[in-house]
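Sharing a structure below in structure tokens format, with a few things to ask.
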Amino acid sequence: MSILENAKQTVQGAAQAAMKKAIALAPDSWLPGGQPDPLIRQQHGLIGAPVSRLDGPLKVRGQAPFAAEFPLDGMVYAAIAFSAVAKGRIAALDLAAAEAAPGVVLVMTHANTPRLQPMPLFLTAEKAAGGDDLPVMQDDRIHWNGQPIAVVLAETQEQADHASSLIRATYEAEPATIAFAEAKAQGTEPGQFMGQPLKLEKGDAEAALAASPVSVDATYVTPRHNHNPIEPHAATLAWDGDRLLLHDASQAVAHTAWSLAQVFGIEEKQVRVTSPFVGGGFGSKTLWQHQVLGAAAAKLAGRPVRIALSREGMHRMIGGRTLTEQRVAIGAQPDGRFEAIIHTGTVAMTRHNALPEPFILPTRSAYAAGSLKLDVEVAYMDMLANTFMRAPGEAVGTFALECAIDELAAKLGMDPVELRIRNEPERDPVEGTPFSARHIVEAWRAGAERFGWSRRNPTPGAVRDGEWLVGLGCATATYPYYRMPGGAARLTLTRDGRVRVEIAAHEMGMGTATAQSQVVAERLGLPLEAVSFAYGDSSLPGVVLAGGSQQTAAIGAAVAAAHRVLVAELLQLAGNDSPLAGLKPEEVGGLDGGLAGLEEPARRESYASILARAGREAVVAEASAPPPLETQHWSMHSHGAMFCEARVNRITGEPRISRFLGSMDCGRILNAKTAASQFRGGIIMGLGLALMEETQFDERKGRIMNPSLAEYHVPVHMDVPEIDVIWTDIPDPHAPMGARGVGEIGITGTGAAVANAIFNATGRRVRDLPITLDKLL
Amino acid sequence: MTDIRYLAPGTLDEAVNAFAAAAGAARILAGGTDLLVQMRAGVVRPGVIVDIKKIAEMTTIEETPEGGFRIGAAVSGARLAEHPRFGKAWPGVLEAVNLIGSKQVQGRASPGGNLCNASPAGDSVPAMIAAGAVVTVQGPHGRRQMPVEAVPAGPGRTNLTPGEILVSFTLPPRPAGSGDAYLRMIPRTEMDIAVVGCGVSLTLEGGKVTAARVGLGAVAPTPLLVGPAAEALIGSRLEEEALAAAAAACSAACRPIDDKRGTIAYRTKVAGVLLRRTAAIAAERAGRA
């Protein structure tokens with residue numbers, strides 16, 4: 001704790017010295033030799049304040065419109081029929097009953113769907129957003145069990161659903177690869193992630209493992225997961241001539257607009273995608289076939305369409321996390337130093353998507369090791385395209401890696417926290433670059449003290465409370481800092497002293513608009529009430545993905561760039577009659593509703609005064625963020641030390657989590673309340689990953705068998721204990737606002753912390769998720 | 001959805017006539033908490049829905065002259081919980097009925113619907129079996145009675161003949177020194193389906209078990225009356241030997257399947273565990289202490 005306190009006091013001291021001073025402009029790049037964002041010195045303002053979500057009242061009053069709630073004149077409702085075979089062709093579709101059913105406007109099948117290009121596959125182009133690149137209802141081919149084969153439009157949703165149920169399809173089925181073992185037997189290929197092979201060797205890890213005095217070597221298995229955000233996927237859309245307006249549930253509005261333009265062969269500007277409120281995305285709210293089908297059917301019918309997926313529909317056509325089979329082997333010296341880490345394995349994927357679950361990512365930079373061998377192999381199956389799901393790679397990769405470390409600690413007789421700290425790297429183990437800010441050791445120490453880790457009994461099965469066995473476990477959480485290219489923002493400062501921020505970013509319930517409003521208010525020296533934040537509309541500036549935990553940095557960098565332009569413009573307008581006369585942009589900053597000299601705060605003029613004297617109602621500034629070169633110079637990662645207390649009933653095997661602590665190191669925290677919710681949400685999803693989430697896939701038919709929340713289990717309130725969250729709050733000097741993302745890291749490490757706690761409680765090592773009660777009997 | 005006829009008769013005779021006339025195309029609607037979900041999922045497509053909640057006999061709780069209870073098949077779990085005396089006489093049956101679904105579902109869901117839905121895991125059924133409930137059934141050929149455990153025929157199937165409607169449950173009078181209990185095991189902490197459910201009813205005299213009945217759910221195609229488990233308890237003072245024998249009898253009665261929620265081995269073992277736990281609660285309630 002003392003290290004943390006020291007760090008905090010140092011920062012506070014600097015902050016107090018800087019109080020009552022204007023805040024200088026943010027740097028225009030984050031490169032070696034540069035200055036950190038001056039905002040990181042602000043300790044008593046809005047940055048970090050636990051501001052409640054600004055859209056909270058709207059949501060409570062039901063006034064926040066979600067994608068399936070926009071009314072459009074003359075709108076019809078869509079229902080989708082799904083394939084019941086995994087591969088083959090549609091031999092016949094009997095549509096007579098459906099077409100004759102009440103209220104039916106049209107039935108669309110491959111026979112009458114307008115000619116369309118496939119969706120640009122996510123990751124294959126800057127603005128590609130498609131979950132697959134298959135033909136969308138263009139021919140009779142079937143590629144997975146659950147593929148849309150027909151769309152019904154009707155005057156009401158009930159009529160559409162009913163008519164859809166009357167469609168009779170017959171298939172010519174073909175042999176499909178729907179069993180994982182069979183897919184592996186057909187041969188695997190190395191996985192590629194963002195153009196890079198998921199394969200890496202440093203030294204001879206197998207030889208080092210064999211020569212290591214102490215080692216572990218085991219296989220860990222994680223199942224398929226389906227996305228289940230609270231808001232099912234939906235779109236309400238209309239054509240106006242050859243212009244498409246689409247109200248979507250999206251975490252990628254600009255990407256979706258561009259991709260839909262490619263599908264329909266029109267200009268990007270002819271498609272406008274809005275998404276003001278989203279009920280969770282987690283990687284799933286990109287472009288899938290339903291938006292394309294809805295837009296195609298709307299074109300065919302000449303009427304606006306609402307296409308809202310049922311929970312079952314989501315399981316049929318929105319991809320999730322694929323299964324993994326991972327080998328982790330670690331060779332160590334008796335003092336715990338790692339000589340070798342081997343993390344290899346196989347994942348299932350399709351030929352029509354681009355995400356081999358990159359489970360080796362956390363292993364690349366987590367620990368110092370003499371040698372490394374990393375490899376993700378892909379086995380191809382005929383199934384729904386898998387996709388990104390909260391911390392793709394890290395969520396399940398940390399399960400295997402961090403369980404293996406726990407197993408090694410037990411073998412070495414070492415404390416698992418100390419074993420991790422012993423292997424703390426000085427530089428990035430693979431890239432050799434310095435870490436931008438790595439304070440995982442502080443997080444471990446602070447977390448261990450708060451959780452009472454020293455009271456852990458290292459002997460498994462030794463602590464009992466009645467018929468309950470009690471254990472403590474821990475694991476490292478890790479997620480990289482990303483900032484993707486394409487960020488841009490527009491600031492409009494008006495004479496009433498208010499500023500409007502416009503950026504095509506997203507609010508999926510994380511608190512983005514709130515936290516970023518705090519940042520803008522602080523930068524400009526305005527009260528929070530004077531900031532409005534417009535987002536969720538592809539017609540706004542910027543290409544900002546709400547993914548990869550990068551949105552905070554992407555918005556921050558774009559707004560900082562626009563702010564530089566704004567200040568320059570304001571100084572020009574202020575002219576020679578202002579107290580600011582003669583000052584350069586680098587010499588002023590925002591203070592009390594205006595600009596002031598950094599060295600002489602008394603040289604100040606309010607924004608209102610500058611605009612009034614210039615006879616201007618508003619000043620508009622727009623700029624693009626600098627390219628994200630910081631990640632080439634530094635190894636940038638967030639970390640967390642996860643602590644879990646598990647109780648396992650020794651008679652019935654029930655596993656229950658009784659305490660959890662996340663001790664996070666994610667740079668500067670911008671809003672203590674919304675960040676804590678992000679961490680907790682991630683941890684809860686991690687508890688689900690550890691204990692219950694599993695898509696049941698019928699390897700005889702290729703069909704998902706549990707497409708409902710009754711059968712696909714996520715934690716209910718009673719499954720979730722009080723989750724404690726603390727953070728180092730040490731700013732990252734090489735990131736905008738000193739902040740790294742917080743959206744995904746909570747799910748990482750959590751599965752392993754649970755499994756390790758259950759091992760400590762019972763002596764039973766479960767290496768295949770989820771850890772259900774029958775595995776503990 | 002377009003072709004469904006909805007009927008809400010005010011008398012049982014009308015309901016039976018309408019149900020029989022539909023000749024298999026009709027479904028009875030009590031709370032609808034299973035039926036509507038199944039309709040939305042496309043599992044059932046009834047042509048006629050006969051709502052029985054307007055029929056007084058189906059929605060009332062009566063105390064019989066002998067001291068027992070007669071519960072209309074469509075009485076909701078919430079109504080049963082509000083009854084001033086039912087929960088005192090049959091706390092195990094009440095807790096089983098109240099485990100069906102969430103608070104909102106409790107306002108609709110009924111023990112009659114739970115029984116006729118014929119899920120092997122229906123929570124109220126093992127407790128009703130343990131209670132020795134007898135159901136009254138009315139059909140085109142009149143009324144008859146049968147023990148509750150005779151109603152389920154298999155997953156989703158009952159032994160009611162075409163046109164027959166479940167009217168009520170009759171629970172026998174409670175001798176002094178009686179208690180019942182129901183426990184279930186679910187993987188999640190709430191909002192889940194039992195992997196094993198166990199109902200036990202006991203009557204004790206001077207610490208000795210004079211009467212016992214044991215019902216088990218989710219371990220076979222239908223909920224089971226486990227006679228050998230009851231026999232092991234009767235005459236005992238719930239000593240370890242008797243409990244072990246009863247637990248073994250429960251495990252022996254299991255004919256479960258593996259599914260997402262639990263394996264055959266798990267269900268078989270936990271059936272015995274739940275027998276011990278449930279019997280202990282029932283004995284406590286019977287006043288052993």
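Each chain gets a letter, A, B and so on, in the order the sequences are listed, and its residues count up from 1.
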Other residues, nucleotides and ligands only: do more than 12 of their heavy atoms fall within 6.0 Å of CD on B:E239? yes
Quick one: of A:H717, A:Q696, A:H713, who has the most non-hydrogen atom pairs under 4.5 Å with chain B? A:H713
Which atom pair, heavy atoms only, marks the closest approach of A:S165 to B:R45? OG-NH1, 3.3 Å
With side chains defined as the heavy atoms from C-beta onward, is the minimum distance between B:I193 and A:E711 less than 4.5 Å? yes
Minimum heavy-atom separation for B:Y266 to A:D774, with atom names? CD1-CA, 3.7 Å
Donor-acceptor contact present, side-chain B:R188 to main-chain A:M718, <3.5 Å: no
Sort A:L776 into side chain, backbone, both or neither according to what part of it lies under 4.5 angstrom from a heavy atom of chain B. neither
Which bit of B:R277 is near chain A, if near means a heavy-atom gap under 4.5 Å: side chain, backbone, both or neither? side chain
Go through the atoms of B:R261 and report whether side chain, backbone, both or neither lie under 4.5 Å from a heavy atom of chain A. both
Looking at OG1 of B:T189 and CG of A:L691, how far apart are the two atoms once the value is rounded to the nearest 0.5 Å? 10.5 Å
Can you tell which part of A:L773 gets under 4.5 Å to a heavy atom of chain B, answering side chain, backbone, both or neither? both
More than 12 non-hydrogen atoms from neighbouring residues, nucleotides or ligands closer than 6.0 Å to NZ on A:K775, yes or no? yes
Using a cut-off of 6.0 Å, state whether more than 12 heavy atoms not belonging to A:R767 lie near its atom CZ. yes
Just so I understand: if I count every heavy-atom pair under 4.5 Å between each of A:N706, A:D719, A:I651 and chain B, which residue has the most? A:D719
When heavy-atom pairs shorter than 4.5 Å are enumerated against chain B, which of A:R656, A:E694, A:E654, A:M692 gives the highest number? A:R656
Is it the case that more than 12 heavy atoms not belonging to A:M75 sit under 6.0 Å from its CE atom? yes
Partner chain A: residue of B:A265, B:G262, B:P187 with the largest heavy-atom pair count (under 4.5 Å): B:P187
Salt bridge flag under 4.0 Å for residues A:E312 and B:R40: no
Using non-hydrogen atoms and a 4.5 Å limit, figure out which bit of A:T652 sits close to chain B: side chain, backbone, both or neither. both
Measure the shortest side-chain to side-chain distance between A:M705 and B:K260 over non-hydrogen atoms and say whether it is less than 4.5 angstrom. no
When the 4.5 angstrom heavy-atom criterion is applied to A:A710 and chain B, the contacting part is backbone
Which atoms of B:I186 approach chain A - backbone, side chain, both or neither, heavy atom under 4.5 Å: backbone
